[in-house]
Enquirer: 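The structure under discussion is supplied below as structure tokens; questions concerning it will follow.
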Amino acid sequence: MTTKSLEQQLKEWFGFEQFREGQKESIESVLAEKDTVTVLPTGTGKSLIYQYCGYHLPGTVLIVSPLLSLMDNQVMQLKMRGEKRAAALNSMLSFEERNFIEANLNQYKFLFVSPEMLQSQRLQEKLTRLKIGLFVVDEAHCISQWGLDFRPEYLFIGEARKRLGNPRTLALTATAPLAVINDILQYLELKEQDTTILRYDPNRKNIYYQVTEVSNQAKNETLLELLKNYPPPGVIYFSSKAQAENVSQWIRQQTSLRVDTYHADRSNEDRTTIQRQFLRDELDLICATTAFGMGINKQNIRYVIHYHLPGSIEEYLQETGRAGRDGEQSMAALLYSREDFAFKYRKSQETDLNETFLRLLQSKKGKNMPLLSDSDQGMFQIIQQQRMNLSESQIFIEERLKERKEKVVRMKDFVEAKTCKRSIISAFFDHELIERPDWCCSNCQPDASHLVLSLRTKGEQTREGERDRTLWKEKVKLLFQL
DNA sequence: CGCCTGGCACATATGTGCCAGGCGGTGCTATATT
């Protein structure tokens with residue numbers, strides 16, 4: 001370790017006076033040559049941890065990242081800070097670009113890859129010859145949340161990591177209950193006793209958690225009421241793309257809000273445009289599916305509404321956690337109907353991996369395999385990889401379905417609970433809630449009309465402030481004939 | 001999950017009660033390759 005304190009170097013390298021919660025502890029653990037799993041709320045600067053460590057350690061920092069847009073963002077951020085030795089290795093590159101990066105791997109300090117790319121034989125061979133100072137898995141809950149469902153490559157990161165000679169590893173995520181931590185350890189092949197596990201409460205003090213039970217017939221009207229009262233910008237989450245489209249259209253007819261939709265059926269160009277407009281406050285509201293959110297770095301989202309029941313408490317916290325990054329008071333409202341639960345419950349138990357299918361798999365007539373649904377992909381790959389026999393497969397599938405079911409049931413229990421929602425959230429992530437904010441949840445303060453009112457007035461003020469600022473900018477532009 | 005329905009047994013000849021089975025407005029999430 002150098003003589004300079006970690007804080008001094010933070011100032012030198014990043015220009016910050018002090019670390020935020022969790023950053024220093026994670027850095028110290030990594031620098032003490034320990035594998036580290038850090039669970040830290042969104043927007044608290046998780047990427048600083050590996051960037052900082054990168055400058056302390058010899059060799060390359062290899063970051064496994066779930067989204068192309070996330071990789072691009074990170075590379076751009078690093079470059080803007082003057083770090084040119086950063087690149088994202090993915091399918092967006094031209095043949096020449098990819099060849100160039102692969103031929104000069106050791107020239108890079110920060111290298112971003114997708115889990116899929118990491119599985120490439122060719123790349124793995126090249127990476128074994130590279131000095132990897134730190135192996136990072138960003139958004140590590142994807143291992144559990146996506147790997148076991150539709151992106152099986154997430155489950156084989158550990159294998160790749162082993163082949164690269166067990167480099168020191170850092171896994172980062174915002175929300176992980178114990179079960180997810182265990183999945184992360186298991187699939188990254190980290191030993192629990194040798195790993196530092198740092199967990200911080202994903203509970204956000206400045207978010208008021210509101211849960212309202214409302215029939216499906218009354219839902220749109222209830223929503224409209226919220227939209228009239230809440231100051232933008234906001235996000236509404238839906239369980240289906242069609243519903244997101246329909247309701248956004250309806251909102252457009254009913255209000256003067258500037259609304260657009262965001263889901264997997266929108267083109268990449270549209271998605272980028274919508275994100276950019278939203279970031280610049282040129283859109284008030286986004287009607288989205290779960291596709292929206294990861295890597296969205298917008299500070300002033302005032303509310304997140306769930307039109308449907310989220311699939312799990314983790315998902316709920318990730319999505320509501322996108323509100324109020326600026327620390328200002330914000331709202332999370334969940335509109336819950338019993339049918340939502342029924343739907344989620346039923347879907348969670350649907351699978352094509354029945355006995356007939358498994359027998360077909362065993363008899364190795366794989367050529368005529370029926371096409372699997374997305375949510376079966378992960379299970380199927382594990383069954384294949386571990387060469388499970390019929391009864392082993394059946395037990396495995398049964399367990400998985402049970403886990404899926406429990407997630408939805410836990411979410412329902414949360415919604416129907418008559419006790420403090422915030423306490424339930426904390427307990428879910430194994431934290432004890434020490435103090436409640438003035439505006440806690442719809443069970444602690446059932447009447448939130450005052451909160452909404454103060455939010456609205458404040459929102460109006462800031463928007464006027466922003467308008468003034470833009471006007472001022474326009475004047476300056478005119479003055480200097482820009 | 002929870003509600004509804006149809007079938008069956010039972011006690012009595014038309015109604016009650018219980019249980020098994022089905023279904024409900026809607027799945028969502030990404031990378032890579034050619």
Side-chain angles (χ1 to χ4, degrees), chain A residues 64-72 88-95 98 112-123 138-139 141-157 214-220 236-247 250 261-268 271 287-296 306-312 314-316 318-319 335-352 372-378 381 401-402 404-413 415-416:
Chain A
V64 183
S65 174
L67 302 180
L68 300 176
S69 61
L70 266 184
M71 297 184 214
D72 284 348
L89 203 49
N90 58 41
S91 63
M92 301 302 281
L93 299 175
S94 69
F95 182 73
R98 184 172 166 178
F112 295 82
V113 294
S114 64
E116 287 80 5
M117 192 59 86
L118 187 65
Q119 291 306 310
S120 143
Q121 204 78 40
R122 198 176 84 172
L123 180 64
D138 201 8
E139 308 286 357
H141 61 278
C142 291
I143 291 171
S144 195
Q145 203 164 296
W146 285 2
L148 289 161
D149 270 352
F150 79 104
R151 257 180 105 175
E153 285 82 359
Y154 254 102
L155 303 177
F156 310 128
I157 297 178
V214 54
S215 73
N216 285 336
Q217 289 79 12
K219 222 175 214 182
N220 278 5
I236 310 177
Y237 279 103
F238 295 85
S239 277
S240 84
K241 296 177 271 198
Q243 291 260 50
E245 287 293 342
N246 291 341
V247 177
W250 185 77
T261 60
Y262 190 105
H263 51 70
D265 285 352
R266 305 290 313 247
S267 68
N268 281 338
R271 289 210 222 183
C287 292
T289 61
T290 53
F292 182 78
M294 232 185 325
I296 302 288
H306 280 91
Y307 189 90
H308 291 121
L309 187 77
S312 68
E314 301 100 283
E315 195 185 309
Y316 174 66
Q318 262 165 31
E319 289 163 358
L335 304 180
Y336 169 66
S337 81
R338 286 168 177 275
E339 290 94 329
D340 291 346
F341 168 69
F343 173 71
K344 271 273 158 42
Y345 184 87
R346 190 155 36 89
K347 283 292 170 192
S348 80
Q349 297 309 96
E350 267 176 18
T351 175
D352 295 327
L372 278 176
S373 71
D374 288 344
S375 61
D376 284 338
Q377 287 291 338
Q381 294 253 350
L401 292 185
K402 205 176 140 197
R404 286 186 193 171
K405 172 167 85 184
E406 273 165 11
K407 284 189 173 188
V408 187
V409 173
R410 290 294 292 271
M411 192 62 220
K412 183 193 80 144
D413 290 344
V415 162
E416 290 180 346

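The structure presented is a predicted model; accordingly, all values stated were derived computationally and were not measured. A, B, ... follow the sequence lines: proteins, then strands. Residue 1 opens every chain.
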Enquirer: When you compare B:dG22 with B:dC28, how far apart are their P atoms, in angstrom units rounded to a whole number?
Expert: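 Going atom to atom, P in each nucleotide, I get 26 Å.
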Enquirer: Go through the structure and list residues passing side-chain contact (heavy atoms from CB on, under 4.5 Å) with A:Thr261, not counting sequence neighbours.
Expert: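 A:Thr261: side-chain contact (heavy atoms from CB on, under 4.5 Å) contacts with A:Glu245, A:Ser248, A:His263, A:Arg266, A:Cys287.
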Enquirer: Residues in ring pair (Phe, Tyr, Trp, His ring centres under 6.0 Å) with A:Tyr237, at least two apart?
Expert: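 Testing A:Tyr237 for ring pair (Phe, Tyr, Trp, His ring centres under 6.0 Å), a comparison that skips the adjacent residues, returns A:His306.
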Enquirer: Which residues pass the side-chain contact (heavy atoms from CB on, under 4.5 Å) test with A:Phe150, sequence neighbours left out?
Expert: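 For A:Phe150, the residues satisfying side-chain contact (heavy atoms from CB on, under 4.5 Å) (neighbours in sequence not counted) are A:Trp146, A:Asp374.
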Enquirer: Among B:dC1, B:dA30, B:dA32, which nucleotide has an atom closest to any side-chain atom of A:Trp146?
Expert: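 Of all the options, the side chain of A:Trp146 is nearest to B:dA30.
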Enquirer: Would you mind reading off the distance between A:Leu67 atom CG and B:dT29 atom P, rounded to a whole angstrom?
Expert: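 Going from A:Leu67 (CG) to B:dT29 (P), I get 12 Å.
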Enquirer: Does a donor on one side chain sit under 3.5 Å from an acceptor on the other, for A:Asn90 and A:Ser114?
Expert: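 A:Ser114 and A:Asn90 do not have a side-chain donor-acceptor pair below 3.5 Å.
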Enquirer: Counting any heavy atom closer than 4.0 Å, what does A:Pro115 reach on the DNA or RNA strands: base, sugar-phosphate only, or nothing?
Expert: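 It contacts nothing in the nucleic acid.
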Enquirer: Go through DNA chain B and write down every stem, that is, every run of at least three consecutive Watson-Crick or G-U wobble pairs with distances under 3.5 Å, as range with range.
Expert: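 Consecutive-pair runs (3 or more) involving DNA chain B: B:1-10 with B:15-24.
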Enquirer: Between A:Leu148 (CG) and B:dT29 (C1'), how many Å, whole number?
Expert: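 For the pair A:Leu148 CG and B:dT29 C1', the rounded distance is 14 Å.
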Enquirer: Can you list the residues that meet the side chain to side chain donor-acceptor pair (under 3.5 Å) rule with A:Asp72, with sequence neighbours excluded?
Expert: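 Residues passing side chain to side chain donor-acceptor pair (under 3.5 Å) with A:Asp72: none at all.
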Enquirer: Using the C1' atoms only, state how far B:dA30 lies from B:dG24, rounded to an integer number of Å.
Expert: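 Each nucleotide's C1' atom is 30 Å from the other's.
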Enquirer: When you compare B:dT29 with B:dG25, how far apart are their P atoms, in angstrom units rounded to a whole number?
Expert: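 It comes out at 22 Å once rounded to the nearest Å.
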Enquirer: Just jot down the side-chain contact (heavy atoms from CB on, under 4.5 Å) partners of A:Thr290, sequence neighbours excluded, or say none.
Expert: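 Residues passing side-chain contact (heavy atoms from CB on, under 4.5 Å) with A:Thr290: A:Glu315, A:Glu319.
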Enquirer: Looking only at atom P, what distance separates B:dG27 and B:dT31, rounded to whole Å?
Expert: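 Here B:dG27 and B:dT31 have their P atoms 23 Å from each other.
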Enquirer: Starting at the 5' end of DNA chain B, which residue's closest nucleotide do you reach first, A:Tyr262 or A:Asn216?
Expert: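 Of the two residues, A:Asn216 wins.
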Enquirer: Mind calculating the distance between CD (A:Gln145) and C1' (B:dA30) to the nearest angstrom?
Expert: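 Taking atom C1' of B:dA30 as the reference, CD of A:Gln145 is at 13 Å.
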Enquirer: How many whole angstroms separate atom CZ of A:Phe292 from atom P of B:dA30?
Expert: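 Atom CZ in A:Phe292 sits about 13 Å away from atom P in B:dA30.
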Enquirer: Whole-Å distance between B:dT33 C1' and A:Arg122 CZ?
Expert: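 In whole Å, B:dT33 C1' lies 13 Å from A:Arg122 CZ.
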Enquirer: Grab the CZ-P distance between A:Phe150 and B:dA30 for me, whole Å please.
Expert: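 To the nearest whole Å, that distance equals 6 Å.
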Enquirer: Whole angstrom is fine here: how far is it from OH in A:Tyr154 over to P in B:dA32?
Expert: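 For the pair A:Tyr154 OH and B:dA32 P, the rounded distance is 11 Å.
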Enquirer: Distance between the C1' atoms of B:dA11 and B:dG17, in whole angstroms?
Expert: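 Between the two C1' atoms, the distance is 11 Å.
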Enquirer: Would you check if A:Tyr154 and A:Gln145 make a side-chain contact, meaning some heavy-atom pair closer than 4.5 Å?
Expert: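 No - every pair of side-chain heavy atoms lies 4.5 Å or more apart.
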Enquirer: Please identify which of these residues, A:Lys405, A:Lys407, A:Met411, meets the side-chain contact (heavy atoms from CB on, under 4.5 Å) condition with A:Val409.
Expert: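 The residue from A:Lys405, A:Lys407, A:Met411 that satisfies side-chain contact (heavy atoms from CB on, under 4.5 Å) with A:Val409 turns out to be A:Lys405.
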Enquirer: What integer distance in Å separates A:Leu401:CG from B:dC1:C1'?
Expert: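 It works out to 16 Å between those atoms.
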Enquirer: I'd like a list of close polar pairs between nucleotides 26-28 of chain B and the protein, N/O only, cut-off under 3.5 Å.
Expert:
from   : atom 1 : to       : atom 2 : distance (Å)
B:dT26 : O4     : A:Glu339 : O      : 3.4
B:dC28 : OP1    : A:Lys241 : N      : 2.8
B:dC28 : O3'    : A:Thr289 : OG1    : 3.2

Enquirer: Give one of base, sugar-phosphate or nothing for A:Met294, where a contact means two heavy atoms less than 4.0 Å apart.
Expert: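 Result for A:Met294 = nothing.
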Enquirer: So, is A:Ser114 close to the B:dA32 phosphate, meaning a side-chain N or O under 4.0 Å from OP1 or OP2?
Expert: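 Yes, A:Ser114 has a side-chain N/O under 4.0 Å of OP1/OP2 on B:dA32.
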Enquirer: Does the side chain of A:Arg98 get closer than 4.0 angstrom to OP1 or OP2 of B:dT33 through an N or O atom?
Expert: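 Indeed, a polar side-chain atom of A:Arg98 lies that close.
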Enquirer: Tell me, please, which residues at least two apart from A:Asp376 pass salt bridge (charged side-chain N to carboxylate O under 4.0 Å, His left out).
Expert: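 By the salt bridge (charged side-chain N to carboxylate O under 4.0 Å, His left out) rule, A:Asp376 matches no residue at all.
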Enquirer: Run the salt bridge (charged side-chain N to carboxylate O under 4.0 Å, His left out) test against A:Asp138 and tell me which residues pass, sequence neighbours left out.
Expert: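 Counting only residues at least two positions away or on another chain, A:Asp138 forms no salt bridge (charged side-chain N to carboxylate O under 4.0 Å, His left out).
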